[in-house]
2 protein chains.
Amino acid sequence: MPGFATDQLLQGLSVDCVIFGFHQNELKVLLLKLKQLDMWALPGGFVGVTEDVDQAATRVLSERTGLEDIFLQQFFLFGDASRHRAGHGARLAELGAIPAEWADWLDRRFVTLGYYALVEYSRVKAPKPDQTSESCEWCALNALPKLMLDHSEILTKAHDTLKKHLNDQPIGLNLLPAQFTMPELQALYETVLGTTLDRRNFQRKMLGYGILNRTGKRMTGAPHKAPWLYEFDEEKYRLALQAGLNTGW
Amino acid sequence: MPGFATDQLLQGLSVDCVIFGFHQNELKVLLLKLKQLDMWALPGGFVGVTEDVDQAATRVLSERTGLEDIFLQQFFLFGDASRHRAGHGARLAELGAIPAEWADWLDRRFVTLGYYALVEYSRVKAPKPDQTSESCEWCALNALPKLMLDHSEILTKAHDTLKKHLNDQPIGLNLLPAQFTMPELQALYETVLGTTLDRRNFQRKMLGYGILNRTGKRMTGAPHKAPWLYEFDEEKYRLALQAGLNTGW
DNA sequence: ACAAAAGTGTTATTTCTACACCCATGC
DNA sequence: GCATGGGTGTAGAAATAACACTTTTGT
């Protein structure tokens with residue numbers, strides 16, 4: 001991390017990451033609890049002067065989750081002039097979260113680039129808070145706490161984008177364990193979309209994409225027929241990400 | 001326009017507009033010919049300190065084309081650290097296009113937000129060059145001149161995005177005259193997509209979206225049956241833009 | 001034995017695709 | 001009258017939606 005030496009950072013530009021995880025049939029987002037404030041924030045950061053913006057987002061993701069090589073994609077630049085952190089820097093300085101000389105820098109106008117990431121819930125052992133926050137936790141999407149600034153809007157837009165992308169992109173790699181059952185994959189889709197889907201039609205459609213391999217193993221332990229375990233064919237998965245699934249025209 | 005007083009602009013952030021027009025069955029883009037350089041550029045600009053980023057893009061569009069209320073949409077932030085205008089400011093200063101004191105400001109690293117716009121070709125009477133360029137012209141997409149920096153990449157990405165958006169968004173309003181024939185609309189689609197489409201199936205599909213009104217008038221003058229004139233139902237068009245056309249899941 | 005949940009298959013419906021035929025207009 | 005290109009309809013194929021029966025497993 002380039003640290004917090006403001007002269008080593010691009011001014012007025014931040015990145016904020018909406019990090020989605022999937023656990024117990026719920027879509028969750030990784031949020032930071034701000035120090036001594038009853039408010040939460042998306043994990044975010046600034047961009048080093050010699051750092052690609054994508055790199056900065058990757059770094060933020062890795063700092064909070066410890067994960068590398070994760071699906072991460074920019075989805076929108078929030079650039080309204082009204083977007084500023086009036087008093088936020090000063091407040092953080094008061095709380096001792098940052099040195100006083102950073103307060104001014106932080107209080108200027110910022111535009112922020114939103115990224116969304118899909119990560120496997122169980123691989124994130126102990127999410128780490130940053131210096132301005134006291135904890136970093138998974139929050140269920142349907143029971144979100146109060147978020148700072150326009151972070152609710154960013155989060156909503158990330159979710160909307162994800163739903164839209166589901167129409168021509170596969171989802172699941174990095175969000176599910178390496179091996180998973182068809183019902184689990186379906187539950188993921190249903191959760192993201194907020195609907196229910198027909199079991200059999202879902203399976204047919206999904207297999208039709210040709211990005212799944214049946215491992216030959218089954219998931220045992222439940223009092224019913226053991227479902228097959230699948231895994232993604234990563235090569236084909238990546239191709240599908242690029243080319244899109246439903247060609248449309 | 002906030003002018004070019006660098007202290008009134010956000011540092012390190014620019015907007016570049018890919019302005020598409022449609023004329024003689026060709027997709028065209030509005031480009032600027034740089035002064036005394038055999039190179040072209042996308043119309044772009046900087047963001048005033050109290051200006052929304054969207055506003056800045058709208059302003060650039062309006063400055064070059066004179067048009068207001070046009071479909072304009074951000075599609076990507078180009079944020080690689082390697083994106084800088086090394087020597088570009090100095091060169092412009094030498095040419096007298098800008099005052100010397102701006103050269104340094106311009107030569108720093110910039111990230112640029114790409115917008116694409118769809119405008120009606122015939123409504124742009126005399127596109128106006130900015131102060132660093134000697135002319136502003138429509139260029140056919142399949143015969144592009146050499147572009148400055150990564151502007152080719154930006155343009156390509158804009159076109160790709162447009163093609164993708166065609167799968168769930170209508171297109172045509174602001175790109176065609178207020179009244180147009182079905183074959184004209186089809187030609188637009190074919191041009192954007194770079195394919196040919198079946199006349200009858202296209203018509204059925206398009207009418208199925210329910211965003212067109214048949215005016216009752218016909219387009220006469222050609223040596224064949226006169227085609228109907230249609231216009232967009234703007235209300236429904238806008239709804240379709242928001243909700244998407246092919247629901248997918 | 002039973003409940004729960006997965007596997008698989010079938011049919012009806014809708015949508016998409018690929019065509020063919022007729023109609024108006026200017027030369 | 002004829003070439004050009006638009007208007008409309010229709011049969012076959014394909015994709016989607018709706019639904020039923022069988023199988024496996026833990027209790």
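All chains are named by letter (A, B, ...) in the order of the sequence lines, taking the proteins before the strands, and each is independently numbered beginning at 1. The structure presented is a predicted model; accordingly, all values stated were derived computationally and were not measured.
- Here the side chain of B:Asn201 pairs no donor or acceptor atom with the backbone of B:Arg204 at under 3.5 angstrom.
- Put simply, NZ on B:Lys225 is 12 Å from P on C:dC22, counting in whole angstrom units.
- Nearest-nucleotide mapping onto DNA chain C: of B:Asp198 and B:Asn246, the residue sitting toward the 5' end is B:Asn246.
- Considering only side-chain atoms of B:His224, the nucleotide from C:dT25, D:dC19, D:dT4 that sits closest is D:dT4.
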Practice problem: I would like to know whether B:Gln186 and B:Arg199 meet side-chain contact (heavy atoms from CB on, under 4.5 Å); could you show each step before the answer? | Solution: CA-CA 8 Å; B:Gln186 182 180 340; B:Arg199 205 161 49 89; 4.0 Å; yes
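- Between A:Pro223 and B:Trp228, it is B:Trp228 whose nearest contact on DNA chain D lies nearer the 5' terminus.
- When each of A:Ile211, A:Leu173, A:Leu239 is paired with A:Glu234, the side-chain contact (heavy atoms from CB on, under 4.5 Å) condition holds for A:Leu173 and for no other.
- Here the nucleotide nearest the side chain of B:Gln203, chosen from C:dT17, C:dA5, D:dT8, is D:dT8.
- Remark: the B:Arg218 side chain and the C:dA24 base include no donor-acceptor N/O pair separated by less than 3.5 Å.
- Backbone-only contact: B:Arg214 has heavy atoms under 4.0 Å from sugar-phosphate atoms and none from a base.
- If you measure from atom CG of A:Leu229 to atom C1' of C:dA5, you get 15 Å, rounded to the nearest angstrom.
- If you measure from atom CG of A:Leu207 to atom C1' of C:dA6, you get 14 Å, rounded to the nearest angstrom.
- A straight line from OH of A:Tyr209 to P of D:dA15 spans 12 Å, rounded to a whole angstrom.
- Few gaps surround NZ on A:Lys33; more than 12 heavy atoms of other groups in view lie less than 6.0 Å from it.
- For the pair B:Leu185 CG and D:dG6 P, the interatomic distance rounds to 13 Å; values are reported in whole Å.
- Distance, B:Arg200 CZ to D:dG7 P: 12 Å, rounded to whole Å.
- Distance, B:Met219 CE to C:dG26 C1': 16 Å, rounded to whole Å.
- Residue A:Arg204 places no side-chain atom within donor-acceptor reach of the base of D:dA15, judged by atom type and a 3.5 Å distance cut-off alone.
- Because its NZ or CZ atom is both nearer than 6.0 Å to the ring centre of A:Trp249 and within 45° of the ring axis, B:Lys205 counts as a cation-pi partner of that residue.
- Along DNA chain D, the nucleotide nearest A:Gly221 and the nucleotide nearest B:Pro183 are compared for position; the residue whose nucleotide lies closer to the 5' end is B:Pro183.
- The base of C:dG7 is paired with the side chain of A:Arg199 by a donor and an acceptor separated by under 3.5 Å.
- Going from atom CG of A:Asn201 over to atom P of C:dG7 covers 14 Å, rounded to whole Å.
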